[in-house]
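A short worksheet on the structure shown next.
To find a chain, count down the sequence lines: A is the first, B the second, and so on, and within it residues start at 1.
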Number of protein chains: 2
Amino acid sequence: MLTRKGEQTRARIVAGAADEIRERGVDEVRLEDVMARTRTSKSQLFHYFPDGKEQLLLAVARHEADRVLDDQQPMLGDLTSWAAWERWRERVVERYREQGTDCPLTIVMGHLGRRSAGAQSVVDGLMTRWQAALADGIRHMQASGEMPGELDADRAAAGLLAGVQGGVLLLLSSGRTEHLEAALDLAFTGLRGSATGRW
Amino acid sequence: MLTRKGEQTRARIVAGAADEIRERGVDEVRLEDVMARTRTSKSQLFHYFPDGKEQLLLAVARHEADRVLDDQQPMLGDLTSWAAWERWRERVVERYREQGTDCPLTIVMGHLGRRSAGAQSVVDGLMTRWQAALADGIRHMQASGEMPGELDADRAAAGLLAGVQGGVLLLLSSGRTEHLEAALDLAFTGLRGSATGRW
DNA sequence: CCGAAAATGGACCGGCAAGTCCAGAAGAAT
DNA sequence: ATTCTTCTGGACTTGCCGGTCCATTTTCGG
């Protein structure tokens, strides 16, 4: 059981670890660094995360994953017109432009990605919710006749999501947002266009 | 200077390290494992890679990067008809389906990605060449009137590339190719479609 | 208050794996 | 053949850092 003080400390640790990772990368982060930044001792770390570093990283991943969709609100939840889609687009580009080369989630993921089933599910959950929000928007647009009714909303959302992910990935290594923007534009063109695809 | 024998040994080390990484991930790979697999001693490793593990990983990254585009040939170099584009699409999906969750390049990249400038340039080079090949194909299609002449070939290629990258990324965490396929379909629709985008 | 549970401090351990070193074998070159 | 370079074996060092432990303090419910 956690007391109020305990919760504060735990939260401080997670946030501090997240910052540390953002700044220096997962591999470079020692527990000692987290301790220094959060003014905690080793026994506290292992008190709140008995399974050690792995568990802490997972908590950080969850913490970061939660932020991703929040940062896209309220746009993401209201994709009901082309203007709204454009606003969402701008927000996404802006958010990742600011973030630049430091994508904490990708970092943490890339680190414990495959091995930990927990990490897997964090990402899966995030992507699923993200895709669902996009699919909702697409269905909305179809209902109002602004996107072709023939296309499979879920599949289109999957493709759009992939474009965003790839754009961000390329941003991480190039530092430029042009791939992300191009991917969004190309996807939008597909969403607008005549339904000649294999939908 | 390297003798013939030296080159063989060096190549054996790189290939062995690549296999080891594919199977167990970067973090899990000890120099000792590479030594065992390639029947080499520690002094050999440091003889061929004086800067140690970092340098070896970089060599592995280069090795893997070279394979990526080769695996897409001859399709990638001959995107001159929609049928050819479809063949390329199939090849890409097939290649990554086989590869499944073990993308050695992404792994190595995710590991030393930001810190080493060398790794940065390996990925940059790969992506640049990849995008250039796609852009060439698009220009070909425009010349023969099979893709709208109004779109910016390089930008469209950037978007398509992002879609592929994102699709692969999602494949890595989900194990399924549906995002990759959806991204390709959506991008193709965009490439076919009426030029209503911001090209 | 008081006792139990939670929170904290910080010294200590232990293992592991990267990197060093030197001695000696194999190969090239003339 | 000899000499110089490259190649190889493997023991040794070293530092780092995750994890353990116990003693002490703080919190909290009743």
**Item:** Atom pair distance, as rounded to whole Å: OH in B/Y48 and C1' in D/dT8
**Value:** 8 Å

**Message:** Please confirm whether the shortest side-chain N or O distance from B/Q44 to OP1 or OP2 of D/dC7 is below 4.0 Å.
**Reply:** no

**Request:** Would you mind reading off the distance between A/L2 atom CG and D/dC28 atom P, rounded to a whole angstrom?
**Result:** 12 Å

**Asked** What is the nucleic acid contact for B/T3, judged by heavy atoms within less than 4.0 Å: base, sugar-phosphate only, or nothing?
**Response** sugar-phosphate

**Asked** Given side chains that start at C-beta, do those of B/V34 and B/I13 come closer than 4.5 Å, heavy atoms only?
**Response** yes

**Prompt:** Which residue, B/G52 or A/E7, contacts DNA chain C at a nucleotide closer to its 5' end, judged by nearest heavy atom?
**Reply:** A/E7

**Request:** Would you mind telling me which residue lines up with the more 5' stretch of DNA chain D, A/S43 or A/R4, judged by nearest nucleotide?
**Result:** A/S43

**Message:** Using whole Å, what does the distance between atom C1' of nucleotide D/dG10 and atom CG of B/L45 come to?
**Reply:** 13 Å

**d(NZ, A/K42; P, D/dC16) in whole Å** = 13 Å

**Request:** Would you please name every residue forming a side chain to side chain donor-acceptor pair (under 3.5 Å) with B/E32, sequence neighbours left out?
**Result:** none

**Request:** Taking only Lys NZ, Arg NE, NH1 and NH2, and the carboxylate oxygens of Asp or Glu, determine whether B/R97 and B/E94 approach each other closer than 4.0 Å.
**Result:** yes

**Message:** So that I can tick it off, tell me whether A/D70 and A/R67 are bridged by a salt bridge, with the cut-off set at under 4.0 angstrom between side-chain N and carboxylate O.
**Reply:** no

**Any B/T9 side-chain N or O less than 4.0 Å from OP1/OP2 of D/dT8** = yes

**Message:** When you measure from the side-chain N and O atoms of A/K5 to the phosphate of C/dA7, is any distance below 4.0 Å, counting only OP1 and OP2?
**Reply:** no

**Prompt:** Where the side chain of B/M1 is defined as all heavy atoms beyond and including C-beta, which of D/dT20, C/dA18, D/dT6 is the nearest nucleotide?
**Reply:** D/dT6

**Request:** Take B/L186 and A/L191 through the side-chain contact (heavy atoms from CB on, under 4.5 Å) test and state the conclusion after the steps.
**Result:** CA-CA 8 Å; B/L186 187 55; A/L191 290 175; 4.2 Å; yes

**A/E54 CD - D/dG19 C1' separation (whole Å)** = 14 Å

**Request:** Provide, to the nearest angstrom, the distance between the CG atom belonging to B/D33 and the C1' atom belonging to C/dA18.
**Result:** 13 Å

**Fill in**
Per atom distances to the A/S41 side chain, the nearest of C/dG10, C/dA18, D/dG19 is C/dG10

**Item:** Rounded interatomic separation in angstrom, taking NE2 from B/H47 and C1' from D/dT6
**Value:** 5 Å

**Asked** In whole angstroms, how far is the P atom of C/dG9 from the CD atom of A/E32?
**Response** 15 Å

